[in-house]
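So the structure is just underneath, and the comments pick up after that.
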There are 2 protein chains.
Amino acid sequence: MSLRIGELAKVTGCQVVTIRYYEKEGLLHRPERTNANYRLYGEEDVERLKFIRRCRLHGMNLAEIRDLLAFKDNPTVSCAWINDLVERHIADVEAQIASLEHLKTHLEALRRTCDGENHQGCGIIDSLDHGTPCPYCETWDCRAAGSASRSGHTPKDS
Amino acid sequence: MSLRIGELAKVTGCQVVTIRYYEKEGLLHRPERTNANYRLYGEEDVERLKFIRRCRLHGMNLAEIRDLLAFKDNPTVSCAWINDLVERHIADVEAQIASLEHLKTHLEALRRTCDGENHQGCGIIDSLDHGTPCPYCETWDCRAAGSASRSGHTPKDS
DNA sequence: CGTAGTGTCTATAGCGACTATAGAGTCAAG
DNA sequence: CTTGACTCTATAGTCGCTATAGACACTACG
């Protein structure tokens, strides 16, 4: 039961290029090759890749997944740090939610400042021009990138 | 009243390198220069940069901000698209929040699967190994990057 | 006058997790 | 023998910065 990379992609829902990328990053082992130099994967590889994808769905980054895989391959020490990892992720996710909730209230306030008729300039542009009424946000250390803040919502040096 | 780049950075809370980056990206105009080739900024530049930063805090990306600045510089057409833009951002933020809420429930379930004592292997690793009990997430099209999903939480090809 | 410290300049590379592209080789079916 | 689908490697691009290197400018101090 050997799969080529396209078949592995299909059964795991992962892109072919991403599989090669994971190999390059050391998350997946280097698989056997056919005579034509095609990669050949077995059941273990399928499970390993599924594990990786599940971790990604849980918001873990590749470095964390590398650590988890290393532990899985060789569970010598206590797994307490894995609990800590999950705890940190929960806290991080909570912070992101709070940040996004706050952003949402701002965007909703912004939307209400213009009726889209442009008879007297755009109310949204005006609001953006004159700052927000929220004292918290004036110093909001938000490094949002289209997807809003990662760093949370901490006021900085007032 | 002319500011050098470091002073502009200070009054706007923006990094010096970021200011230069915005100039390169065409968001800020090319400023005057001193004899020593130092950039010199005026009041207008301060306001323009503050506008940009406010937009970033509202989760807008640089392309969107470029459009907003172009409109501000030359508000000829209807501003209805700005309303649409804000609406889209609100929808996007809502989707992200929903996705993160869902992720949070998963992480909390995950945390409960291990007591950190490692007497019989790690429960968290086991859970990650065997998939999640949530049928929704099995096909979760989540492109999470540490900061969780951007693309939302849409089941794909069941 | 020299020098130390700070600020500025340009150009280039790195981050993370992919994604896209180019150009070549492999293989089965018609 | 050609077509098309698949695979290979290597490299560059995405986004919004951030970091680094090496050079120049300016002020203060001795």
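The sequence lines fix the lettering, A, B, ..., with proteins before strands; numbering per chain opens at 1.
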Considering only heavy atoms, which members of residues 17-32 of chain A lie under 4.0 Å from some atom of DNA chain D? A:R20
Check the distance between C:dG7's C1' and B:Y41's OH and give it to me in whole angstrom. 14 Å
Just how large is the angle between the end axes of the helix from C:dC1-D:dG30 to C:dG30-D:dC1, five pairs per end, to 10 degrees? 30°
B:R20 versus B:R39, closest heavy-atom pair with distance: CD-NH1, 3.4 Å
Quick test: give all pairs of protein nitrogen or oxygen and nucleotides 1-6 of chain C nitrogen or oxygen below 3.5 Å, distance rounded to 0.1 Å.
none

Under the salt bridge (Lys or Arg N to Asp or Glu O under 4.0 Å) rule, what pairs show up with a residue in residues 65-83 of chain B, not counting sequence neighbours? A:D129-B:K72, B:R48-B:D73
Could you give the distance from NE2 (A:H102) to CG (B:L57), rounded to the nearest 0.5 Å? 9.5 Å
Expected list for residues 33-40 of chain A near DNA chain D, using heavy atoms below 4.0 Å, is A:R33, A:N37, A:Y38, A:R39
Please lay out, stage by stage, how B:Y22 and B:L62 fare under the test side chain to side chain contact (heavy atoms under 4.5 Å, CB included). CA-CA 9 Å; B:Y22 287 162; B:L62 299 196; 4.0 Å; yes
Under a 3.5 Å cutoff, is there a donor and acceptor pairing between the side chains of B:D92 and B:Q96? yes
Between atom CD1 in A:I5 and atom C1' in C:dT26, what is the gap in whole Å? 15 Å
Is the phosphate of D:dC26, meaning OP1 or OP2, less than 4.0 Å from a side-chain N or O of B:R4? no
State, with a plain yes or no, whether a side-chain heavy atom of A:L69 is found less than 4.5 Å away from one of A:L27. yes
Let me check something: do B:L40 and B:Y38 share a hydrophobic cluster, defined by ILVMFWY side-chain heavy atoms less than 4.5 Å apart, either directly or through other members? no
Which whole-number value in Å describes the distance from A:L8 CG to D:dC8 P? 11 Å
Taking atom CZ as the centre, does A:R33 end up with more than 12 heavy-atom neighbours from other residues, nucleotides or ligands that are less than 6.0 angstrom away? yes
Under 3.5 Å: donor-acceptor pair, side chain of A:E47, backbone of A:E44: no
Please table the atom pairs, donor to acceptor, closer than 3.5 Å between any side-chain atom in residues 3-17 of chain A and protein atoms at least two apart or in another chain.
residue: A:E7; atom: OE1; partner: A:R4; partner atom: N; Å: 2.7
residue: A:T12; atom: OG1; partner: A:L8; partner atom: O; Å: 2.7
residue: A:T12; atom: OG1; partner: A:A9; partner atom: O; Å: 3.4
residue: A:T12; atom: OG1; partner: A:C14; partner atom: N; Å: 3.4

Given D:dT7, C:dA17, C:dT8, which nucleotide is nearest the side-chain atoms of A:N61? C:dA17
OP1 or OP2 of D:dC17 less than 4.0 angstrom from a side-chain nitrogen or oxygen of B:Q15, does that happen here? no
Residues A:E23 and A:P31: closest non-hydrogen pair is OE1-CD, 3.6 Å
To the nearest 0.5 angstrom, please state how far the CD atom of B:E108 sits from the CG atom of B:L103. 10.0 Å
In whole angstroms, how far is the P atom of D:dA5 from the NZ atom of A:K10? 12 Å
A:F51/A:L68 under side chain to side chain contact (heavy atoms under 4.5 Å, CB included): CA gap, chis, key distance, verdict: CA-CA 10 Å; A:F51 180 90; A:L68 290 173; 4.2 Å; yes
